[in-house]
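As structure tokens, the structure follows; a few thoughts come after it.
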Amino acid sequence: MYFEILTVGIVAFVVLTVNGYIKPNKFIQDNQDIFMKLKEEDYEFLVKAKYGDGLDADVLFQKRIKNALIIIVLLIFIMLSSLSAVKIVLAIAAGYVSFKMDYTNLKNYYKRHLLIIDSMLPYYLKGLEILIQHYTVPVAIGKSIPDAPEIFRDGLVDMINKINAGDSTVTPYMEFAQTYPVRDSMRMMRLLYRLSLGRQERKQEQLITFSKTISNLQQKARDNRYKERLDKMESKTMSMLVSTGVGVMILLVIQIMNMMSS
């Protein structure tokens with residue numbers, strides 16, 4: 001009898017949610033300040049790294065919260081007949097694990113594609129270097145945005161807007177580096193800021209330093225890509241050798257068993 005009631009209750013909950021009588025979205029919006037504290041600092045960057053501008057990070061975050069709350073409510077409802085403080089904590093823990101799974105998947109995706117994302121920055125900076133030879137740093141950044149990798153565009157727009165609004169400190173540059181925490185982004189943004197402060201007579205000297213640093217980053221990116229390909233080739237070779245070895249061993253065992261049986 002308990003399972004029949006439980007099934008009816010779950011179906012009723014789903015139906016009421018689908019038809020809008022239970023509104024998890026409204027609950028999330030009413031308590032947005034609380035839920036936003038759960039948002040990871042690099043979440044928006046990771047969403048852009050995987051989906052570009054195809055998905056809104058805030059919408060995706062709200063969906064994570066909604067799914068976690070539904071899991072918590074359903075688990076509590078399932079354990080209602082023998083509910084205890086321990087089981088409530090377990091239900092909340094299960095909801096939290098569900099909430100973190102999406103972030104973990106994004107993090108793993110970023111780690112798998114880290115070399116590709118990292119390699120975008122030095123090539124973007126190389127194009128920016130050419131523009132800086134003819135324009136001031138803020139103007140060059142503004143002109144570089146249309147040709148910048150899609151993942152960096154929103155951050156570049158925010159940075160240039162703050163600079164144009166009168167912020168002459170290093171803050172806009174550092175905020176960009178923090179939003180896109182790829183390899184060497186902090187150091188390159190500091191160099192870019194110093195270049196923006198340099199007097200015209202020192203600009204060529206600073207530009208040479210900037211150019212050398214970019215060239216080193218490009219070389220590092222090429223070396224990393226070569227190492228990645230080499231590691232993949234070695235992994236495939238080892239897999240082939242192991243498969244061949246196992247196949248040979250199986251054939252030998254079969255041959256020995258045939259000899260023994262005859």
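The basis for the numbers below is simple: all heavy atoms, side chains too, and nothing from hydrogens, waters or symmetry mates. By convention here, the first residue in the shown sequence is residue 1.
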Salt bridge or not for R153 and E150, using N-O below 4.0 Å?
no
Any idea which heavy atoms bring S185 and L121 closest together, and the distance?
CA-CD2, 3.8 Å
Can you hop from I163 to L197 via hydrophobic side chains spaced under 4.5 Å?
yes
Same cluster for Y96 and L69 if Ile/Leu/Val/Met/Phe/Trp/Tyr side chains link at under 4.5 Å?
yes
Hey, what's the ring geometry for F176 with F152, parallel, tilted or perpendicular (30° and 60° as the breaks)?
tilted
Would you say L74 and M101 are hydrophobically clustered, going by side-chain heavy atoms of ILVMFWY under 4.5 Å?
no
Under 4.5 Å between any side-chain heavy atoms of K100 and E40, yes or no?
yes
Evaluate the side-chain proximity of R190 to Y173: yes if any heavy-atom separation is below 4.5 Å, no if none is.
no
The reported gap from CD1 in I160 to CG in D158 (rounded to nearest 0.5 angstrom) is 11.0 Å
Side chains of D58 and E44, heavy atoms from C-beta outward: is any pair under 4.5 Å?
yes
Could you work out, with ring-ring contact (aromatic ring centres under 6.0 Å, His included) as the rule, every residue matching Y124, not counting sequence neighbours?
none
Restricting to non-hydrogen atoms, name the atom on A140 and the atom on L131 that form the minimum distance, rounded to 0.1 Å.
O-CD1, 3.5 Å
To the nearest 0.5 Å, what is the distance between CG on L128 and CG on L192?
5.5 Å
Is there a side-chain contact between F99 and I65 in this structure, where contact means two heavy atoms from C-beta onward sitting under 4.5 Å apart?
yes
I'd like to know whether OH of Y109 has more than 12 heavy-atom contacts from other residues, nucleotides or ligands below 6.0 angstrom.
yes
Roughly how far apart are K50 NZ and K107 NZ, rounded to 0.5 Å?
14.0 Å
Please work out whether the ring planes of Y43 and Y103 are parallel, tilted or perpendicular, with thresholds of 30° and 60°.
tilted
Between T169 and M174, is any pair of side-chain heavy atoms under 4.5 Å apart?
no
Taking all atoms of both residues into account, what is the closest heavy-atom pair of A148 and L156, and its distance?
CB-CD1, 3.6 Å
Rounded to the nearest 0.5 Å, how far apart are CG of N164 and CD1 of I141?
9.5 Å
Is there a side-chain contact between E41 and Q178 in this structure, where contact means two heavy atoms from C-beta onward sitting under 4.5 Å apart?
no
Sequence neighbours excluded, every pair satisfying salt bridge (charged side-chain N to carboxylate O under 4.0 Å, His left out) that has a member inside residues 160-173:
K162-E175
Is any side-chain heavy atom of T136 closer than 4.5 Å to a side-chain heavy atom of S196?
no
Locate the shortest heavy-atom distance separating L75 from A94; write the atom from each residue and the value.
CD1-CB, 3.5 Å
hydrophobic_cluster_shared for I132 and I130, side chain cutoff 4.5 Å
no
Show the nearest heavy-atom pair for residues S98 and I71, with the distance to one decimal.
OG-CD1, 3.1 Å
Does the side chain of L125 come within less than 4.5 Å of M189's, by heavy atoms?
yes
Determine yes or no for a side-chain-to-main-chain donor-acceptor pair under 3.5 angstrom, with Y193 supplying the side chain and S168 the backbone.
yes
